[in-house]
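Both counts, for ligands and for their atoms, begin at 1 and track the order of listing.
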Amino acid sequence: MAKKTLQKPKAFQDVFTRKSRDQKTTHYCPGCGHGIAHKLIAEAMSDLGLQDRSTIVAPVGCSIFLYYYFDCRSLSVPHGRGPAAMTGISRVRPDTISISYQGDGDLAAIGTSEIIHSANRGENIAVFFINNAIYGMTGGQMAPTTPLEMRTTTSPRGRASETEGFPIAVCELISTLRAPVYVERVSLDTPANILGARRAIRKALQAQADRKGFTLVEILSPCPTQWRVDPTKTGEWIRENMHPIFKPGVYRDVLAETPSRPRPERREMSDGEMYALLGIDENATIRALPTGCEDFHLAYRFAGFGGQGVILLGMLLAQAGMASGYQVTWLPSYGPEMRGGTANSSVVLSTRAIGSPMVAETDVLVAMNGPSLEKFLPTVAPGGCVLYDSDPIETPPAAPDGVHLYPVPARDIAQQAGEARAANVVMLGVYAAIGDLFEEEVLADALRKAFAAKKGAVEANRRALAAGADYARSHFPCPAPDRPGVMVK
Ligand SMILES: Cc1ncc(C[n+]2csc(CCOP(=O)(O)OP(=O)(O)O)c2C)c(N)n1
Ligand code: SF4
């Protein structure tokens, strides 16, 4: 008798490195449908030879860590934005097998508009929609697909149509649109139906490979933990509570009569075309570069608590950079809360076109609190510099080799200048004196613009800017010798 070896699909990683303790199992609860759906997708990718071409979305929800399991490209996106991100990828890289994997909170609540419009445009993406009728990750809140009368943490008396509306049937909704080529609902309630899900997933991925357009497979999937149902009883639960409102079946299948789409021709854009598209004046002249400096490219990170003005600090530098004729990008990053949470912004200033606003290696770090200094200090490149507020940070961590630390009692200086909240602007003044990249009036102008709505604040912040520059001149070599802008590249 032929021997059959059961093994992990090749499109799964050999070990799951999410936790050092256990690298063989996933983070899903026992009996969770995500694991089954992952296996069916991974198997299909391997068997159809699509693993190396696939990019899968790791959505916000219980499946957020799927990139630990799938051995293909993956992408984390904001809640519900899988179809939007995949639209971009499948248009720019038409050979990609673009997979948007989404829960019901992700797809049918916060992401409703993305799914409807990408389906309506007929984007060449495959959507795997895990409908478990509840928000799993966040503790069992009502989802748009929660059945009527079901109790959840946000419908404790049971979902009522008068107040919470009816469960949204996604396959029925999507199949009213003309563009989708294949829409099917499958169910993970019995082994036979799991085989049906396997067939549907393969069909959707093959349709992707054949460039047929938009496909969606809805997978009715168990969440024993939030349903408070024994994992061995979830099949019954699905049949009793979900099948009557979410009938499994094919809702649209026009694959056979749909021709494959031609691959769009790839054309690289010239620099000139790119500048024209972005409205950048290619011939803009740089006003004045520091003596001895012809070319520079500097990456900045401003970090602190929300409310310390690190986003504004980046914006002021970016504005001064633009006014000086440099190429500029500015990217804010907010923590979970506005005030009190962590925040940072990154800026790139360059005399050349900037490829990406992402900052991995930092040349200049401004840290307004201890956690930010600890987090970003290792990212500072050799030759880079760090300004930190020495009021809250009494003992800084050791600097990496070749990195210069400048302690600045910024809060104190700001207080003496008459505006305790302007510690961020004090730092700008210090940097401006050390870096020597800007004319004084350019910075003053950036301040005027930023505080246009608060007239009184302009003067106070100008004083803070000047106080920072004075402090730098009396405590540090200014400008930094032979290193205008603290230049390392
Ligand atoms: C913008 C935003 N809003 C809300 C949240 C909180 N949140 C995290 S997961 C989730 C719901 C996930 O439910 P679902 O998509 O059904 O996935 P499941 O966890 O059931 O797999 C919510 C609301 C968030 N992370 N981001
Ligand atoms: S909470 Fe539900 S969806 Fe999340 S891992 Fe557990 S069983 Fe799966």
Side-chain angles (χ1 to χ4, degrees), residues 16 18-19 22 25-41 56-70 74-86 99-115 127-147 150-155 159 164 167-170 185 187-189 194 197 216-238 241-242 245-246 332-338 341:
F16 303 150
R18 196 178 88 85
K19 286 199 173 146
D22 175 7
T25 57
T26 67
H27 69 289
Y28 295 119
C29 309
C32 174
H34 279 300
I36 304 173
H38 281 18
K39 177 153 187 273
L40 300 178
I41 296 169
I56 187 165
V57 162
V60 174
C62 278
S63 45
I64 192 152
F65 293 131
L66 65 68
Y67 47 81
Y68 280 106
Y69 312 133
F70 282 90
S74 63
L75 190 71
S76 291
V77 296
H79 211 2
R81 273 44 178 181
M86 279 300 146
I99 305 168
S100 188
Y101 184 102
Q102 300 183 256
D104 41 42
D106 191 75
L107 179 142
I110 195 167
T112 323
S113 109
E114 275 73 13
I115 193 67
V127 179
F128 296 127
F129 168 40
I130 309 298
N131 178 0
N132 58 18
I134 204 155
Y135 288 8
M137 184 198 201
T138 41
Q141 293 86 352
M142 195 198 87
T145 52
T146 298
M150 180 174 170
R151 289 169 195 262
T152 67
T153 56
T154 47
S155 57
R159 179 177 189 167
E164 282 90 38
I168 294 182
V170 168
R185 180 180 292 128
S187 169
L188 302 182
D189 62 316
I194 291 175
L216 183 143
V217 178
E218 175 173 341
I219 302 169
L220 304 182
S221 174
C223 173
T225 303
Q226 304 302 357
W227 294 350
R228 314 266 190 272
V229 168
D230 185 299
T232 60
K233 304 271 178 356
T234 52
E236 277 165 60
W237 197 96
I238 291 179
N241 298 288
M242 296 183 84
I245 44 174
F246 303 124
S333 164
Y334 300 92
E337 312 100 352
M338 287 300 282

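Nearest protein neighbour of atom 4 (Fe) of ligand 2, counting heavy atoms only, is C62 SG, 2.3 Å. The single protein non-hydrogen atom nearest to atom 6 (Fe) of ligand 2 is C29 SG, 2.3 Å, given as residue, atom name and distance. The nearest protein atom to atom 2 (Fe) of ligand 2, hydrogens excluded, is given as C223 SG, 2.3 Å; this is a heavy-atom distance. Of the protein's non-hydrogen atoms, the one nearest atom 3 (S) of ligand 2 is N132 ND2, 3.5 Å. In terms of protein heavy atoms, atom 9 (S) of ligand 1 is closest to M137 SD, 3.4 Å. With hydrogens left out, the protein atom closest to atom 7 (S) of ligand 2 is C32 CB, 3.5 Å, a heavy atom. Ranking protein heavy atoms by distance to atom 14 (P) of ligand 1, first place goes to G105 N, 3.4 Å. Of all protein heavy atoms, the one closest to atom 7 (N) of ligand 1 is T138 CG2, 3.5 Å. Remark: minimum distance from atom 13 (O) of ligand 1 to any protein heavy atom is reached at Y135 CA, 3.7 Å.
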### Intermediate values then yes/no, ring-ring contact (aromatic ring centres under 6.0 Å, His included), Y69 and F16
CA-CA 6 Å; Y69 312 133; F16 303 150; 4.8 Å; yes
### Task
Determine, stepwise, if the pair F70 / I99 fulfils side-chain contact (heavy atoms from CB on, under 4.5 Å).
CA-CA 12 Å; F70 282 90; I99 305 168; over 6 Å; no
### Query
Is there a side-chain contact (heavy atoms from CB on, under 4.5 Å) between I134 and M150 once you walk through the steps?
CA-CA 10 Å; I134 204 155; M150 180 174 170; 3.8 Å; yes
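Centroid-to-centroid, the aromatic rings of Y101 and F128 stay 6.0 Å apart or farther. Aromatic rings from Y28 and H38 are positioned such that their centres are separated by under 6.0 Å.
For atom 20 (O) of ligand 1, the choice among S221, S63, G136 with the nearest heavy atom turns out to be G136.
Counting only distance, with no hydrogens or angles, the side chain of T146 and the backbone of A133 share a donor-acceptor pair below 3.5 Å. Side-chain atoms of R18 do not come within 3.5 Å of backbone N or O of Y68 as any donor-acceptor pair. S155 places no side-chain N or O within donor-acceptor distance of the main-chain N or O of R151, the cut-off being under 3.5 Å.
Less than 4.0 angstrom separates some heavy atom of H34 from each of these atoms of ligand 1: 21 (O). In the vicinity of I134, heavy-atom distances shorter than 4.0 Å reach the ligand 1 atoms 16 (O), 20 (O). Numbered from 1 in the order shown, with element, the atoms of ligand 2 that lie under 4.0 Å from a heavy atom of P224 read 7 (S).
Here the side chains of Q141 and T152 are not in contact, with every heavy-atom distance at 4.5 Å or above. Counting heavy atoms from C-beta outward, M86 and V127 have side chains that stay 4.5 Å or more apart. C29 places none of its side-chain heavy atoms less than 4.5 Å from the side chain of Q226.
Every heavy atom of I64 sits 4.0 Å or more from the atoms of ligand 1. Within the 4.0 Å heavy-atom shell around ligand 1 one finds V60.
For ligand 1, the polar-atom distance check against D106 finds a nitrogen or oxygen pair separated by under 3.5 Å. Where the criterion is an N or O separation shorter than 3.5 Å, residue side chain and backbone included, I110 fails it with respect to ligand 1. By the 3.5 Å distance cut-off applied to N or O atoms, G61 is not counted among the residues near ligand 1.
Contacts of D104 with ligand 1, taken as heavy-atom pairs under 4.0 Å, involve both backbone and side chain. Contacts of H79 with ligand 1, taken as heavy-atom pairs under 4.0 Å, involve the side chain alone.
Rounded to the nearest 0.5 angstrom, D104 CG and N132 CG are separated by 5.0 Å.
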